[in-house]
Amino acid sequence: MTSGPNPTSGTDPTPGTDPTPGTDRFWSRLLPNTAPWRSSRDFRVTWTSGTVTLLGSIFTMTAIPLQIADLTGSPLAVGAVGAVELVPTLLFGLYGGVLADRADRRTVALVTEIALAALSALLLVNALLGTPAVWPLYVAAGLAAALQGIQQPSVEAMVPRLVPQDQLVAAGALLSLRWSIGGVAAPAAAGLLIATAGVPAAYLVDLGTFLLSIALLAQVRPVPSARDAEAPRLAEFLDGARYAARRPDLIGTYLADLAATVFALPTALFPFLAAELDATWALGLLYSAGAVGALIAAATGGWAERVHRHGRLVLLSAALVGAATAAAAFAPSLWAVLLCLTVAGGAHWIGDTFRSAIWNQSIPDELRGRAAGSEILIGSAGPALGDLRAGGLAARQGIRAALRTGGLLCLGSSAALSAALPALWRYDRRAPRTEPALPESTP
């Protein structure tokens, strides 16, 4: 689908001329392309539903580690949330990928959204007790990880069915923009709300946003699978992984994402870093700094559609995430730390955008759900392992050592991947590709 004349202009531009003045043309090339919003009502509604859910979920994501830190005073206890989330993510991410290729993807997303709303209600009840228990926080984190593992492959696999092929890069950028907007607004608002109204208020907000999101998602048309809804065979759980194993460029995108999230995503450290900086009031700012960087990158990311060497940007962005995180370990003040985290967030947005473009443009639809399951598994397991790594290292060597070591490991991993996986470094969306055969268990 190609873009035509501006429907509001009344006249077509003269062939061979650019009607946009120089300054306006410069800004139009930076601003994100909103064509997927304009061309697809279902993408618009799905994007809005996901944004509403994200805003509320960040309130809970801020409240749970803060509540555990208050109840236990242990960095390791906060980091252990990642360990609790890891096993459900591994198991149910794979199952969610198979389900996305077997069932109606909209229905899967809707049912799991309802179950996630019920978990928020349970967290609210626990927080209202005179002495909240710690164990329900871990149980809720584990169950939420399982439900998100089931849900996210269907949500991801819906996108190429909702927008034209030539708008997939723009759609990926808009989805990243959604995360950026939520990450900027919600953590600061959550920190302020918790400080003034307490943890239960954060869970109440999350419950309310889930209810609104469910109402929106119910308006999206069904997105049925192209395959028969028969019971999945055990071998199908690994189809996405077997397909990716035949493509070094695809494996490289997963490993680059893992390098950034395992080594250079220190969110478990933020409650303790804020205390070390004598700025507990700034906890929300620490959580939102990365999203501020991502929002700046997204708001000026119109250039992304003109980049062809997507693999190169995936690797370079991971290296920049690591360098910025390592620099935060040496930052002498709160504002210097925030600046480093902002740079890391912008670099992470670049990596996410081009990873998404490689996945959506090159993976066949009949495998998209299972490939998305592998993608979500990596995307969820990375932060979970990262929380565990950061919390454990900080408990032994201190907050700054955990930041420094993680950033340097991420930087080194990115350099190693560039050397070990030349297929990813050379990846060019313009180059013709010979796709590997589909796994035998895929009809």
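Note that these values count all heavy atoms, side chains included, but never hydrogens, waters or copies made by symmetry.
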Checklist outcome for this item: M158 and V223 have their tightest heavy-atom pair at CE-CG2, 4.1 Å

Item to check | Flag side-chain contact, heavy atom, 4.5 Å: P224 against R161 | outcome: yes

Checklist entry - Between D387 and T267, does a side chain to side chain contact (heavy atoms under 4.5 Å, CB included) hold up when you go through it step by step? => result CA-CA 7 Å; D387 282 345; T267 53; 3.1 Å; yes

Checklist entry - Do I58 and L54 have side-chain heavy atoms sitting under 4.5 Å apart? => result yes

Checklist entry - Does the side chain of V199 come within less than 4.5 Å of I64's, by heavy atoms? => result no

Checklist entry - What's the verdict on side chain to side chain contact (heavy atoms under 4.5 Å, CB included) for R247 and I358, showing C-alpha distance, side-chain angles and the deciding distance? => result CA-CA 12 Å; R247 288 188 51 188; I358 292 173; 4.3 Å; yes

Item to check | CZ-CG distance between R221 and D42, expressed to the nearest 0.5 angstrom | outcome: 5.0 Å

Checklist entry - Distance from Q148 atom CD to L119 atom CG, nearest 0.5 Å? => result 9.0 Å

Checklist outcome for this item: What one should report as the nearest heavy-atom pair of G252 and L424 is C-CD2, 3.5 Å

Checklist entry - Under a 4.5 Å cut-off applied to non-hydrogen side-chain atoms, are H348 and D352 in contact? => result yes

Checklist entry - So which heavy atom on L341 is nearest to which on A289, and how close? => result CB-CB, 3.7 Å

Item to check | Contact check, side chains of I68 and Y138, non-hydrogen atoms, under 4.5 Å | outcome: yes

Checklist entry - Do the side chain of R106 and the main chain of V220 share a donor and acceptor less than 3.5 angstrom apart? => result yes

Item to check | Aromatic plane relationship, Y287 with F270 - under 30° parallel, 30 to 60° tilted, over 60° perpendicular | outcome: perpendicular

Item to check | Member of Y427, W425, F354 meeting the side chain to side chain contact (heavy atoms under 4.5 Å, CB included) criterion with V314 | outcome: F354

Next on the checklist: Tell me if a side-chain donor or acceptor on R404 pairs with a main-chain N or O of F330 at a distance below 3.5 Å.
Outcome noted: no

Next on the checklist: Tell me if a side-chain donor or acceptor on S213 pairs with a main-chain N or O of S49 at a distance below 3.5 Å.
Outcome noted: yes

Next on the checklist: The test is side chain to side chain contact (heavy atoms under 4.5 Å, CB included); show your working for S120 and F210 and say whether it passes.
Outcome noted: CA-CA 9 Å; S120 293; F210 269 125; 3.3 Å; yes

Checklist entry - With no hydrogens and no angle check, is any side-chain donor or acceptor of T405 less than 3.5 Å from a backbone partner on A402? => result no

Checklist entry - Less than 4.5 Å apart, any side-chain heavy atom of T325 and any of L411? => result no

Checklist entry - Between the main-chain N or O of T112 and the side-chain N or O of Q151, is there a donor-acceptor pair closer than 3.5 Å? => result no

Checklist entry - After noting the C-alpha distance and the side-chain angles of Y203 and F59, does the key distance pass the side chain to side chain contact (heavy atoms under 4.5 Å, CB included) rule? => result CA-CA 7 Å; Y203 297 137; F59 276 71; over 6 Å; no

Checklist outcome for this item: Heavy atoms of T261 and G382 approach each other most closely as OG1-CA, 3.3 Å

Next on the checklist: Please report the interatomic distance CG(L286) to OG1(T62), rounded to the nearest 0.5 Å.
Outcome noted: 11.0 Å

Checklist entry - About how many Å separate CG of L147 and CG of L116, when rounded to the nearest 0.5 Å? => result 4.5 Å

Next on the checklist: Nearest 0.5 Å, please: how far is OG1 in T53 from CG in D206?
Outcome noted: 8.5 Å

Item to check | Check: R41 and Q219 side chains under 4.5 Å, non-hydrogen atoms | outcome: yes

Checklist outcome for this item: Rounded to the nearest 0.5 angstrom, the CD1-CG distance for I399 and L277 is 10.0 Å

Checklist outcome for this item: For S418 and L315, the nearest pair of non-hydrogen atoms, with its separation, is OG-CD1, 3.6 Å

Checklist entry - F43 versus P36: any side-chain heavy-atom pair under 4.5 Å? => result yes

Checklist outcome for this item: Residues R400 and L273: closest non-hydrogen pair is NE-CD1, 4.5 Å

